[in-house]
**Student:** 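The structure is given below, and queries will be raised subsequently.
Just so it is clear, the model here is predicted, and its values are computed rather than measured. Computed from heavy atoms alone, side chains included, the values below leave out hydrogens, waters and symmetry copies.
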Amino acid sequence: MKPSAPLPVALTAEFSAAASRPAELPPAVAVEVAFAGRSNVGKSTLLNALMNRQNLARTSSTPGCTRTINFFAVKTRDGGVLSFVDLPGYGFARRAKTERETWADLAERYLLERPELALVVVLVDVRRGLEAEELDLLTMIEDTKKRGRTAPAILIVATKLDRLPRSKQKPALAAVAAGGRKVHGVSVSEPDSIGRLWQTILGVVGRPVPTGV
Ligand SMILES: Nc1nc2c(ncn2[C@@H]2O[C@H](COP(=O)(O)OP(=O)(O)OP(=O)(O)O)[C@@H](O)[C@H]2O)c(=O)[nH]1
Ligand SMILES: [Mg+2]
């Protein structure tokens with residue numbers, strides 16, 4: 001018998017704030033989990049799946065959909081509270097240089113300077129694997145320690161598993177994991193993969209409570 005899909009972990013989820021420049025970043029109200037990756041990799045789609053909501057985060061088949069940092073307040077079934085943070089994608093070549101610099105200014109400042117940021121989920125398309133941009137991003141986050149701050153935990157998620165035939169999924173995931181990194185494979189059409197990701201996120205951030213801000 002096929003196991004039933006896990007119960008959704010998110011009890012409620014709502015949009016709480018958007019920032020288009022560092023000065024607009026809202027005060028943190030809970031532990032934050034950010035989703036970073038190339039444009040079109042599936043960040044906003046994955047957030048909707050985790051929050052069990054169809055269209056709370058805007059998605060599009062055209063890269064460059066999310067242009068601001070968007071914050072979502074999520075309550076979990078066991079009483080935890082956390083913020084999910086949808087970052088604009090990088091590597092979107094059609095954008096003007098000034099716009100790319102604006103991304104770097106906003107997203108890098110957020111990723112490197114946010115004390116409440118506990119976990120960065122780095123998304124990679126399972127068919128592309130980790131490329132120079134992803135490796136740069138991982139190094140940048142890991143180097144937070146060198147600047148005397150606590151680095152957030154990192155979790156690599158390989159997206160769009162369903163785009164590969166089953167026989168190719170394992171080798172593709174192993175290629176992303178080469179170098180000893182732990183990788184989660186997900187497909188938004190596969191609720192079990194979303195449930196497993198939720199458990200890993202909660203394993204990192206614990207049962208978070210509001211910061212009381
Ligand atoms: N087949 C398949 N398609 C997916 C999956 N996840 C996302 N997509 C598709 O990928 C496209 C991009 O998804 P988004 O969630 O908007 O991507 P994003 O990373 O937020 O993109 P930006 O906001 O531009 O940075 C959409 O057409 C989604 O339907 C998946 O697991 N499987
Ligand atoms: Mg998006």
Side-chain angles (χ1 to χ4, degrees), residues 3 6 9 31-50 57 59 61 63-66 84-95 100 103-104 107-108 110-112 114 117-147 149-206:
V9 176
V31 158
E32 295 181 348
V33 177
F35 293 75
R38 203 178 275 284
S39 284
N40 208 238
V41 70
K43 299 176 293 298
S44 304
T45 306
L46 179 61
L47 273 160
N48 285 331
L50 287 166
T59 64
S61 54
C65 178
T66 309
F84 278 163
V85 182
D86 191 9
L87 294 172
Y90 55 78
F92 179 38
R94 268 176 29 226
R95 271 193 206 165
R100 273 182 270 148
W103 179 91
E108 285 186 25
Y110 171 77
L111 287 169
L112 299 181
R114 189 84 166 171
L117 177 59
L119 171 65
V120 184
V121 180
V122 175
L123 283 77
V124 55
D125 187 317
V126 72
R127 298 162 300 176
R128 293 180 75 138
L130 294 170
E131 296 178 299
E133 284 92 339
E134 283 75 36
L135 296 173
D136 283 353
L137 178 65
L138 293 171
T139 307
M140 184 183 87
I141 298 166
E142 285 160 357
D143 280 357
T144 310
K145 281 201 272 296
K146 289 190 192 149
R147 286 182 294 274
R149 306 185 75 107
T150 312
I154 295 174
L155 180 65
I156 298 177
V157 166
T159 61
K160 308 191 185 182
L161 260 190
D162 57 294
R163 293 267 177 94
L164 286 179
R166 286 219 174 262
S167 62
K168 299 233 164 99
Q169 292 179 1
K170 249 192 169 169
L173 285 172
V176 180
R181 299 183 191 275
K182 184 165 167 30
V183 175
H184 258 274
V186 298
S187 167
V188 285
S189 53
E190 196 57 68
D192 283 353
S193 71
I194 304 301
R196 282 193 297 272
L197 177 58
W198 248 123
Q199 294 314 322
T200 302
I201 290 173
L202 292 177
V204 174
V205 301

**Student:** Any idea which heavy atoms bring T159 and D125 closest together, and the distance?
**Tutor:**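 Minimum heavy-atom contact is OG1-CA, 3.6 Å.
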
**Student:** Check S187 against D162 and note the closest heavy-atom contact, atom names and distance.
**Tutor:**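 In this case the closest contact between S187 and D162 is OG-OD1, 2.8 Å.
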
**Student:** To the nearest 0.5 Å, tell me how far R181 CZ sits from L130 CG.
**Tutor:** 6.5 Å

**Student:** L137 vs V120, test: side chain to side chain contact (heavy atoms under 4.5 Å, CB included). Steps then yes/no.
**Tutor:** CA-CA 10 Å; L137 178 65; V120 184; 5.7 Å; no

**Student:** What closest approach, in Å, do G185 and S193 show between heavy atoms, and which atom pair accounts for it?
**Tutor:** O-CB, 3.7 Å

**Student:** Is the shortest side-chain heavy-atom distance between L155 and L197 below 4.5 Å?
**Tutor:**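 Touching, per the 4.5 Å side-chain cut-off.
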
**Student:** How many angstroms lie between CD in E134 and CD1 in I156, if you round to the nearest 0.5 Å?
**Tutor:** 9.0 Å

**Student:** Assign the ring pair F84 / W198 to parallel, tilted or perpendicular, where the plane angle (0 to 90°) is split at 30° and 60°.
**Tutor:**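 Aromatic pair F84/W198 classed tilted.
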
**Student:** So which of V85, L119, V204 actually passes side-chain contact (heavy atoms from CB on, under 4.5 Å) with V33?
**Tutor:**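 Between V33 and the candidates, side-chain contact (heavy atoms from CB on, under 4.5 Å) is satisfied uniquely by L119.
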
**Student:** To the nearest 0.5 angstrom, please state how far the CG atom of L46 sits from the CZ atom of F35.
**Tutor:**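 Output value for this atom pair is 5.5 Å.
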
**Student:** Within the structure provided, determine whether R163 and V126 are in side-chain contact (heavy-atom separation under 4.5 Å).
**Tutor:**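 No, their side chains stay 4.5 Å or more apart.
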
**Student:** Any chance you could lay out the side chain to side chain contact (heavy atoms under 4.5 Å, CB included) test for K160 and N40, step after step, and finish with the verdict?
**Tutor:** CA-CA 11 Å; K160 308 191 185 182; N40 208 238; 3.9 Å; yes

**Student:** Do you know which two heavy atoms are closest between L117 and L111, and how far apart they sit?
**Tutor:** CD2-O, 3.7 Å

**Student:** Mind listing the closest non-hydrogen atom pair of A151 and I141 along with its distance?
**Tutor:** CB-O, 3.8 Å

**Student:** In the structure I gave you, are the side-chain heavy atoms of L50 and I194 within less than 4.5 Å of one another anywhere?
**Tutor:**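 L50 reaches I194 side chain to side chain.
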
**Student:** Quick one: closest heavy-atom pair of K43 and L87, and the distance?
**Tutor:** CE-O, 3.1 Å

**Student:** Begin with the C-alpha distance, continue with both residues' side-chain angles, and end with the deciding distance and a verdict on side chain to side chain contact (heavy atoms under 4.5 Å, CB included) for V186 and L161.
**Tutor:** CA-CA 6 Å; V186 298; L161 260 190; over 6 Å; no

**Student:** Please step through side chain to side chain contact (heavy atoms under 4.5 Å, CB included) for the pair R127 and L164, ending with a clear verdict.
**Tutor:** CA-CA 8 Å; R127 298 162 300 176; L164 286 179; 3.7 Å; yes

